[in-house]
4 protein chains.
Amino acid sequence: MSADTTDGHGAGRRRRTRAEQQAETRARLIEAAAEVFASHGFEGASIDLITERAGYSRGAFYSNFSDKAELLLELSAVRMGDFARVLPDILAASDEDRIGEAARWLTDQPPHTEVLLLVELARLRDEHTDAQQLLARLTDSTLGFVDDVLDEADETLATPAAHDRLRLTRAILAAITGAQLLRHLGVEMDARTMELLLAGVLRSPVLTEETVS
Amino acid sequence: MSADTTDGHGAGRRRRTRAEQQAETRARLIEAAAEVFASHGFEGASIDLITERAGYSRGAFYSNFSDKAELLLELSAVRMGDFARVLPDILAASDEDRIGEAARWLTDQPPHTEVLLLVELARLRDEHTDAQQLLARLTDSTLGFVDDVLDEADETLATPAAHDRLRLTRAILAAITGAQLLRHLGVEMDARTMELLLAGVLRSPVLTEETVS
Amino acid sequence: MSADTTDGHGAGRRRRTRAEQQAETRARLIEAAAEVFASHGFEGASIDLITERAGYSRGAFYSNFSDKAELLLELSAVRMGDFARVLPDILAASDEDRIGEAARWLTDQPPHTEVLLLVELARLRDEHTDAQQLLARLTDSTLGFVDDVLDEADETLATPAAHDRLRLTRAILAAITGAQLLRHLGVEMDARTMELLLAGVLRSPVLTEETVS
Amino acid sequence: MSADTTDGHGAGRRRRTRAEQQAETRARLIEAAAEVFASHGFEGASIDLITERAGYSRGAFYSNFSDKAELLLELSAVRMGDFARVLPDILAASDEDRIGEAARWLTDQPPHTEVLLLVELARLRDEHTDAQQLLARLTDSTLGFVDDVLDEADETLATPAAHDRLRLTRAILAAITGAQLLRHLGVEMDARTMELLLAGVLRSPVLTEETVS
DNA sequence: CATGAATGAGCGTTCATTCAT
DNA sequence: CATGAATGAACGCTCATTCAT
């Protein structure tokens, strides 16, 4: 494809193609942006700071993104993809202790900043239709994930009646999100606390159970 | 010459004293700031926008606050006070359906932006010791409130063992906070969803109950 | 006008009249301005700083002066008067050592900031005709003072020919002014240096002496 | 496409490199700053005015200097360099009439604003250590220059005793500085006046001459 | 494609000034 | 007369963005 691979002068690490180079630039910028948006917020994050942290110059940014909003959108999309990619592993966790497993996973992860990204995204929505749509997609797909977990549920989990199903999904997401936010605010949230939270919601006493005929 | 003291019509609107005037200015600026901080974030909120919305000039702001950070701090403190003032009413809710009552209250309130304030406060904390302290006070006092509710609990609520008590408190706060955040993000959170959430956590099946002798 | 002076109830320190009060306010503001203008320059001096240092509020300033320029003008005029008032003492110095005496006087005075005032005045002149005029009056009157010293001169001083007379006056003023400025810049100027300077100019070897018939 | 390298006409104006461009921008900004600082003072000089006069936008300034103080420092340093570069010419002036020569040179120069720069520098010194140091270097190096002139002196100049040497140097600098300042204030200082001043100081009658064995 | 000098809008803040008290 | 809250112009500076190199 590129001229590099045609020269048979040994198997030495061939020079990267342009496309690869640029892909890496994008990736690094996105990674840097994740940190900076989380710590400074969207408005507070300067492009200089992002590019500096990524080891590039201001111009590199404008070669890859049209503006700051696009970067946030792209970053959010990437994060959504990452999350989706990890889900199967969690879903595959041993059945006997699904909740504890999930609680531990949610606790051990490095500081989650996704919540903060969502907050920024919500801020962009008034002036950016893209942001509005992406935000909706993000929340919907996350709710979908939770729904999938419920599907896999055996008798240890609730089997809510149809009218409560969506509500339950939302409640679970609220619990997870709230926990992440509190942790960001400095409140200690250990695995057991997470377990209390998840188990409680999944077995909420007020839940109308599905009537199995 | 002035009508204030000479008119004997009892409570006739006398001209405001300077202190009163200024208090109103402060209050209006704080109210305007609440909206603007919520919709634009701390960095994105310009003082011009805040003062305009409050109906004052830029300078009025600087007659009342030393800088933008102080305004956020003051606003957060005021909100904390407001919250504390409403608590007794909720605590006094009918015993039979304490949870449903709380769920409804949390749902019916006008859009809560306190979570967003907390996020902004968290951002200031690195450069502002005051923000750090205020944030800690806010989370602590809110946790304290939740704790109070548990104290009033009768048998309909959990009576957790000591080692779970604090965890339960945090879990409840996470649930409430998460729900507020999701609602802000556009996810519908109705009273029943809130009830699922609260009741679940308060009666978490994994909770080690206090052993009553 | 005020009731203070009409009541003959003993000779107790009577309350100051309004005019006296105001005169003191003016005087204190002017004194404070002298310091602040010297250390911060005209533009760098804020009215707040001046009034604070004088122990008054912002409003007191506007009750006494129409704007900042007027204060500088007034201050400069006052200083000119002060200077004129001290001159006789110097002129009266013993004849034998007039130069040494003057040198010592110029050295011992507290840090002179008059030069700095002149610089500020020069800056105002483009937009303020008053400043232009006052500046001219200040330099002229100071030159006049130097001229007076020359008049009193006996044989120990130069008796320049008419065409050098004005030049000599200017040269002396340049010497004094330059010395004051250098001292402000941190260069040490002791009494002997001043003497070298003054004596030199007054007995300049290139001076065309008046031909006495 | 571009004429730069393809035209073989030797010194044909090739397109400037970026470094050259920026150097010119810096130089023009510094030149403009010289005028504006002199006429408005440091505080009174707005960056807008400086950049406008230099024909650039506000931002060009911040691409080249970190802040206003740095510009003053840089300008002062440049001026010091310029001065040092002219000195040899003056020192090379004909021996017979060194003083007259110097007097004429000091008189004919375009309006000197160096004194004013020194005043501004003195103002910065409290908050800017750099300013303090630069000011000291400026006065020291100028004193050094004067000292060099004395070294070159033949019998037409004074050969002061050691203890008067430094004092003489300072006195001469005071004379020159004072003359420059008075001229700025509107007092006419012609070449003859300068000569009176310089010759006088250099042959001050109170000077203790070095004893030549 | 990446660089970084230059642009210019916009922001936080200061400050001279006004005016109701 | 003095006070100080409020005004609003101006300033120093930041930063998203452009574009010649």
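It should be emphasised that the depicted structure is a prediction, and the values quoted were computed from it without experimental measurement. All chains are named by letter (A, B, ...) in the order of the sequence lines, taking the proteins before the strands, and each is independently numbered beginning at 1.
- With sequence neighbours excluded, the residues satisfying salt bridge (Lys or Arg N to Asp or Glu O under 4.0 Å) with Arg26(C) are Glu74(C).
- A straight line from CD of Glu20(D) to P of dA5(E) spans 15 Å, rounded to a whole angstrom.
- When each of dA2(E), dA6(E), dT7(F) is scored by its nearest atom to the side-chain atoms of Ala60(B), the top-ranked nucleotide is dT7(F).
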Can Leu71(C) and Phe61(C) be said to form a side chain to side chain contact (heavy atoms under 4.5 Å, CB included), step by step?
CA-CA 9 Å; Leu71(C) 178 56; Phe61(C) 171 81; 3.6 Å; yes
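- Between Ser57(C) and dT3(F) there is a side-chain N or O to OP1 or OP2 distance below 4.0 Å.
- Using a 4.5 Å heavy-atom threshold, the side chains of Leu116(D) and Phe37(D) count as separate.
- Contact between the side-chain N/O atoms of Thr25(A) and the OP1/OP2 oxygens of dA2(E) is found at a separation under 4.0 Å.
- Where pairing requires Watson-Crick or G-U contacts shorter than 3.5 Å, the helical stems of DNA chain F with at least three consecutive pairs are E:2-21 with F:2-21.
- Regarding Glu52(B), its CD atom lies at a distance of 13 Å from the C1' atom of dG10(E), rounded to whole Å.
- Between Ile50(A) atom CD1 and dC15(F) atom C1' there is a gap of 12 Å when expressed in whole angstrom units.
- In this structure, CD of Gln21(B) is placed 12 Å from P of dA20(E), rounded to the nearest angstrom.
- Remark: side-chain polar atoms of Arg28(A) are not paired, donor with acceptor, to backbone N or O of Thr25(A) under 3.5 angstrom.
- For Glu120(C) and Arg123(C), the salt-bridge test passes: some basic side-chain N is under 4.0 Å from an acidic carboxylate O.
- Residues Gln22(C) and Ala69(D) both approach DNA chain F. Their nearest nucleotides, taken by heavy-atom distance, put Gln22(C) toward the 5′ side.
- By the ring-ring contact (aromatic ring centres under 6.0 Å, His included) test, Tyr56(D) is found to be paired with no residue, residues two or more places apart in sequence or in another chain being considered.
- Across the interface with DNA chain F, nearest-nucleotide mapping of Asn64(B) and Gly55(C) shows Gly55(C) to be the residue nearer the 5′ end.
- For Leu71(D) and dG12(F), the CG to P distance is 11 Å, given to the nearest whole Å.
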Protein-nucleotides 16-19 of chain E N/O pairs closer than 3.5 Å?
| unit_1 | atom_1 | unit_2 | atom_2 | d |
| --- | --- | --- | --- | --- |
| dA16(E) | OP1 | Ala45(C) | O | 3.2 |
| dA16(E) | OP1 | Lys68(C) | NZ | 3.3 |
| dA16(E) | OP2 | Ile47(C) | N | 2.7 |
| dT17(E) | OP2 | Tyr62(C) | OH | 3.2 |

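- In this structure Glu114(A) satisfies the salt bridge (Lys or Arg N to Asp or Glu O under 4.0 Å) test together with Arg79(A), sequence neighbours excluded.
- Taking atom CZ on Phe65(B) and atom P on dT14(E), their separation rounds to 15 Å, with Å as the unit.
- What separates CG of Leu49(D) from C1' of dG12(F) is a distance of 14 Å, to the nearest Å.
- For Glu70(D) and dC13(F), the CD to P distance is 11 Å, given to the nearest whole Å.
- With sequence neighbours left out, Glu52(D) forms a salt bridge (Lys or Arg N to Asp or Glu O under 4.0 Å) with no residue at all.
- Annotation for Ala33(A) and Leu75(A): closest pair C-CD2, 4.0 Å, computed over non-hydrogen atoms.
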